[in-house]
Novice: 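Here it is: the structure, laid out below.
Just so you know, ligand 1 is whichever comes first in the structure, and atom 1 is the first atom listed for that ligand. On a predicted model such as this, the values are computed, not experimentally measured, just so you know.
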Amino acid sequence: MSADTAIAQVKELFAAQYGADPTGVWAAPGRVNLIGEHVDYAGGVCLPFALNQCTYVAASPREDERIRICSVLPGDSEPVATECAAGSLGPGDIEGWVGYALGPIWALREAGTLPSDPRGYDLAIVSEVPLGSGLSSSAAIECAVGSAVVELELGSESLADPSVRSELIAAAIRAENDVVGASTGGLDQSIAMSGQSGHALKIDFLHGETMQVPFDLDGHGLAILIIDSKAPHSLADGQYASRRGVIDAVAASAEAPTLRAIGDADAIEAAARAWAEKEGYDLDVALRRVRHVSSEIDRTLHAIELLRNDDFEGFGADMYASHASLRDDYEVTVPQLDLIVDTAREFGAIGARMTGGGFGGSAIALVRREDVEPLSQRIAQAFEDAHFDPPAFLAATPSEGARRVA
Ligand code: ADP
Ligand code: MG
């Protein structure tokens, strides 16, 4: 689906549901993370880029204090639709997908970015980002709705203000953590707001710094292929929280705000050892968990330096090493993701790894442009041979963050 098609579709949906044209349409992208996985909540470093696949929100303000919202999910023809009181959008008030969509409005009011009195909106949503595929449809819907409401309330130039963008990132994170109850770190929301075309974004969560890193795939004859494993994926289940729980607990026991703030790899290991002994937690598991995080942070810093020197081969080797760490030390991969990466390596891809939270979701492969088709075929064949459901393939183009599109 092209952006123009999606924009036309979301306007039509709005008109069909509410019998009027929307005031405007806003978009926020999905993302892939090139490297630096499961380190955002540990004060680490990651390197995502925004996809050109977006979630689109057509929106208008209402005179009363109701919110009407509908969404056509990818692959569905009929929208899901619901209605709620504009004043009841906080934790416990709304559930399920509506929490992702409307939680940011609550968080923006709590933060004082938006007026605290309840205001009503009509909202219609169409997404090109597949849901639950590890490409962050969640941050896309949070940031698209948040952007729409901010510009409806604060004026059409407000997204140009970097401080408003920062407040939107914080509100989207708070919505996902507090309204939905998913303890995600902040990578997804940061890139959904801050993506720039032709660039990946280095995010350093310890120092609160971001830096655009040129990522000119075309110019080097390269491509990133996204492979959606189609293995079931849910971050809201206990697995993600249990990994994060260990990392947060080790940091807290060392009286540090995040794991990385404890110090170097040896200091982190010592803290994990002390924590596991005190808590009676499996020592081997605790050490492997923190080893993933500290090695992944070092690897990501290393990989970013390679990228800045156009060393794509070296960067690809770090991608493979990242996957191995996520598989062996952090144990968040599934057989489908491992099969994709093994097949890519045998094929001769420059690099490949799972991307996103894991437990299903997607992998990425860095390849020469002419290898996209043959590698896709090889992976599809490997899935057939293993009797897995067929994977889906998407092209990844480093693109813009959240914006008004109509
Ligand atoms: P991911 O972010 O990797 O796609 P998550 O499990 O974090 O996976 O978020 C997926 C959930 O977000 C969906 O199950 C749904 O509740 C919500 N969601 C995302 N996009 C939409 C959308 N366009 N319409 C309705 N709900 C959505
Ligand atoms: Mg998500």
Side-chain angles (χ1 to χ4, degrees), residues 1 6 9-10 13-14 17 25-33 37-38 40-41 46 48 50-51 53-59 67-82 84 94-104 123-148 169 172-177 179-192 226-241 244 332 334 337 354-364 392 394 402:
M1 185 160 48
Q9 208 176 313
V10 79
L13 174 66
F14 189 98
Q17 291 282 317
V25 179
W26 287 262
R31 61 96 188 91
V32 290
N33 187 23
E37 210 67 74
H38 276 284
D40 55 350
Y41 49 77
C46 61
L51 299 174
Q53 291 87 352
C54 285
T55 297
Y56 295 86
V57 179
I67 293 185
R68 294 190 291 179
I69 181 165
C70 63
S71 173
V72 176
L73 306 182
D76 282 4
S77 48
E78 288 302 307
V80 290
T82 185
C84 61
I94 47 176
E95 289 187 334
W97 73 274
V98 182
Y100 292 94
L102 302 182
L123 303 163
I125 299 168
V126 165
S127 183
E128 298 176 309
V129 185
L131 270 60
S133 292
L135 304 178
S136 200
S137 69
S138 58
I141 191 172
E142 290 154 14
C143 293
V145 173
S147 296
I169 293 169
I173 295 169
R174 199 159 173 216
E176 191 149 339
N177 290 171
V179 181
V180 177
S183 59
T184 53
L187 183 169
D188 303 345
Q189 295 81 2
S190 297
I191 187 62
I226 302 173
I227 308 99
D228 180 352
S229 73
K230 296 284 181 178
H233 159 87
S234 171
L235 293 188
D237 72 10
Q239 290 286 8
Y240 185 100
R244 179 173 181 161
V332 297
V334 293
L337 292 170
M354 59 158 268
T355 189
F359 309 108
S362 295
I364 52 173
L394 286 85

Novice: Between the candidates Val145, Asp188, Leu131, Leu135, which shows the shortest non-hydrogen contact distance to atom 27 (C) of ligand 1?
Specialist: Leu131

Novice: Can you list the ligand 1 atoms lying under 4.0 Å from a non-hydrogen atom of Ser127?
Specialist: 23 (N)

Novice: Give the contacting part of Ser137 toward ligand 1: side chain, backbone, both or neither, where contact means a heavy-atom distance below 4.0 Å.
Specialist: both

Novice: Just say parallel, tilted or perpendicular for the rings of Tyr240 and Tyr41, cut-offs at 30° and 60°.
Specialist: perpendicular

Novice: Ile125 heavy atoms, cut-off 4.0 Å: which ligand 1 atoms fall inside?
Specialist: 23 (N)

Novice: Can you tell which of Pro48, Ser362, Ser136 makes a side-chain contact (heavy atoms from CB on, under 4.5 Å) with Thr355?
Specialist: Ser362

Novice: In sequence, state the C-alpha distance, the side-chain angles, and the governing distance for Met354 and Val334, and then conclude on side chain to side chain contact (heavy atoms under 4.5 Å, CB included).
Specialist: CA-CA 10 Å; Met354 59 158 268; Val334 293; over 6 Å; no

Novice: Check whether any side-chain N or O of Ser133 sits under 3.5 Å from a backbone N or O of Leu135 as a donor-acceptor pair, and report yes or no.
Specialist: no

Novice: So, is Ser138 placed with an N/O/S atom under 2.8 Å from the Mg ion (ligand 2), counting both backbone and side chain?
Specialist: yes

Novice: Does any N or O in the side chain of Glu128 come within less than 3.5 Å of the main-chain N or O of Cys54, such that one atom is a donor and the other an acceptor?
Specialist: yes

Novice: I need the atoms of ligand 1 closer than 4.0 Å to a non-hydrogen atom of Gly134, numbered in the order shown.
Specialist: 3 (O)

Novice: Select one of side chain, backbone, both or neither to describe which atoms of Leu73 lie under 4.0 Å from any atom of ligand 1, heavy atoms only.
Specialist: side chain

Novice: With sequence neighbours left out, what residues match Glu37 under side chain to side chain donor-acceptor pair (under 3.5 Å)?
Specialist: Asn33, Arg353

Novice: Between Thr55 and ligand 1, is there a nitrogen or oxygen pair with a distance under 3.5 Å?
Specialist: no

Novice: Once you restrict to heavy atoms under 4.0 Å, what part of Tyr100 touches ligand 1? Side chain, backbone, both or neither.
Specialist: side chain

Novice: At a 4.0 Å threshold, what atoms of ligand 1 neighbour a non-hydrogen atom of Ser138?
Specialist: 2 (O), 7 (O), 9 (O)

Novice: What atoms of ligand 1 come within less than 4.0 Å of a heavy atom belonging to Ser136?
Specialist: 1 (P), 2 (O), 3 (O), 4 (O)

Novice: Spell out, as yes or no, whether a donor-acceptor pair under 3.5 Å connects the side chain of Asp228 to the backbone of Lys230.
Specialist: yes

Novice: Does Gly132 have a non-hydrogen atom less than 4.0 Å from ligand 1?
Specialist: yes

Novice: So do the side chains of Ser71 and Pro79 get within less than 4.5 Å of each other, counting heavy atoms only?
Specialist: no

